[in-house]
Amino acid sequence: MPVPLSPDEAKAFLDSDAAPAVYLDLLDAVSFRTAGAALRLGVFEALADGPLPVDQLATRTGTDPLGLRILLDALTGYGYLTRTDGRYANSANTTRWLLRAAPGSFAPVLSVWTALLTHWWQDLESSVRTGGPTGDFYAWLEQHPDTLADFQTMLRGQADWLAEEIVELLPVPDDARSLVDVGGGHAGYPVALLTAHPHLRATVVDLAGALAQGARTVADAGLTDRVELRAGDLFTADLGTGHDLVLLFNIVHGYQREQTLTLLRRAAAALRPGGRIALLEPLADVPERPAGTGEAFVRMFSLNLFHTQGGRAYGYDELAELLGEAGFTDVRQQLLTRSDTDHLVTAVLAG
Ligand SMILES: C[S@@+](CC[C@H](N)C(=O)[O-])C[C@H]1O[C@@H](n2cnc3c(N)ncnc32)[C@H](O)[C@@H]1O
């Protein structure tokens with residue numbers, strides 16, 4: 001958790017050169033890493049039913065009592081835990097956000113970013129030096145089922161939060177029959193669209209492991225007869241033809257211009273003339289809504305995309321130009337009201 005500072009301390013670090021601001025980053029980075037360790041060791045879940053002394057917690061989590069106590073004291077200092085009479089408990093914020101069963105739990109996000117920062121960002125300099133990613137992020141994810149499940153759960157949570165507005169904003173004509181969700185994984189968005197439009201069918205194309213969660217979403221919604229889950233590669237899989245709608249949600253930011261253009265052309269080939277493409281993206285032009293974490297998120301997300309996939313956050317103008325090159329017209333963008341950063345970009349296939 002962020003280091004709490006009195007106004008005087010904050011002034012020294014942030015508004016002057018009296019103290020090195022990077023020291024605060026050091027403490028916050030270590031705090032984040034410590035929380036990730038506690039999550040991986042099962043500390044928060046072990047405390048879900050109430051406070052425990054260190055020995056019992058060590059038995060429950062299969063950890064070394066001394067090492068665990070030192071970790072617990074750090075977590076207490078950072079605000080993740082409290083300690084009373086030698087018993088440790090989850091803080092109110094931990095109970096609300098870091099237990100797996102909490103509504104909209106942040107545990108999958110902590111898990112995914114812990115994996116990114118510990119596994120991928122250790123050689124951040126390399127991609128910046130060479131100009132390319134240091135590995136194949138999605139192939140790696142497919143090999144790490146626990147992180148993959150957390151990754152898809154994290155995105156499914158975002159879909160649960162954003163889908164209602166997206167369904168409202170996306171025009172779907174009464175005679176529309178089918179959509180294809182390219183890289184649709186957890187299938188949260190097509191399920192929301194099919195629920196709102198009973199005449200629609202969907203094809204979801206993604207890697208096999210990613211579709212495991214999609215299969216559950218579709219089954220839970222009772223839509224197995226209207227959704228086809230198609231395992232394959234975005235660049236080679238059969239996307240079908242004559243669709244009314246193509247979704248490319250959180251996909252093109254994984255790629256640079258040429259590959260993005262290829263994907264947009266593949267989307268165009270899958271649509272009927274007059275069909276619509278919809279992209280969901282945190283765009284590089286961060287809107288000036290009340291100052292918040294949006295700007296910081298987009299900058300670090302773009303760096304992560306470049307490092308892990310060779311991609312980046314696109315600006316709207318560049319995306320609109322690429323859509324035009326791929327044969328689309330009537331390009332529009334809409335910043336979603338439930339997000340500081342996510343834009344719905346739509347365009348119509350000329351024809
Ligand atoms: C950032 S996620 C977006 C998921 C979903 N569209 C959303 O917005 O929540 C990117 C998705 O693309 C899929 N993906 C990445 N590379 C792929 C590839 N080469 N072929 C098929 N799917 C791929 C991933 O498995 C993942 O589900």
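For the numbers below, each heavy atom of this structure counts, side chains included, while hydrogens, waters and symmetry mates do not. Numbers here simply count residues along the sequence, with the first being 1. Whatever order the structure lists them in is the order used to number ligands and atoms, beginning at 1.
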Test log, rule side chain to side chain contact (heavy atoms under 4.5 Å, CB included), inputs Gln259 and Gln309: CA-CA 12 Å; Gln259 285 172 301; Gln309 296 169 59; over 6 Å; no
Salt bridge check: are Asp244 and Arg177 linked by an N-O gap of less than 4.0 Å? no
Smallest heavy-atom separation, Leu52 atom then Gln56 atom, equals CD2-OE1, 3.3 Å
Out of the candidates Leu336, Leu280, Leu335, only one should pair with His343 under the side-chain contact (heavy atoms from CB on, under 4.5 Å) rule; please name it. Leu335
Donor-acceptor pair, side chain of Thr95 and main chain of Ser91, under 3.5 angstrom: yes
For ligand 1, run through the N/O pairs with the protein that fall under 3.5 Å and put one pair on each line.
from, atom 1, to, atom 2, distance (Å)
ligand 1, 6 (N), Gly183, O, 2.8
ligand 1, 6 (N), Phe249, O, 2.8
ligand 1, 8 (O), Phe249, O, 3.1
ligand 1, 8 (O), Asn250, ND2, 2.8
ligand 1, 9 (O), His186, NE2, 2.7
ligand 1, 19 (N), Asp233, OD2, 3.1
ligand 1, 20 (N), Leu234, N, 2.9
ligand 1, 22 (N), Asp206, OD1, 3.3
ligand 1, 25 (O), Asp206, OD1, 2.6
ligand 1, 27 (O), Gln152, NE2, 2.9
ligand 1, 27 (O), Asp206, OD2, 2.6

Please test His186 against Thr217 for side-chain hydrogen bond (donor to acceptor under 3.5 Å, both in side chains), starting from the C-alpha separation and ending with a verdict. CA-CA 7 Å; His186 54 80; Thr217 312; 5.6 Å; no
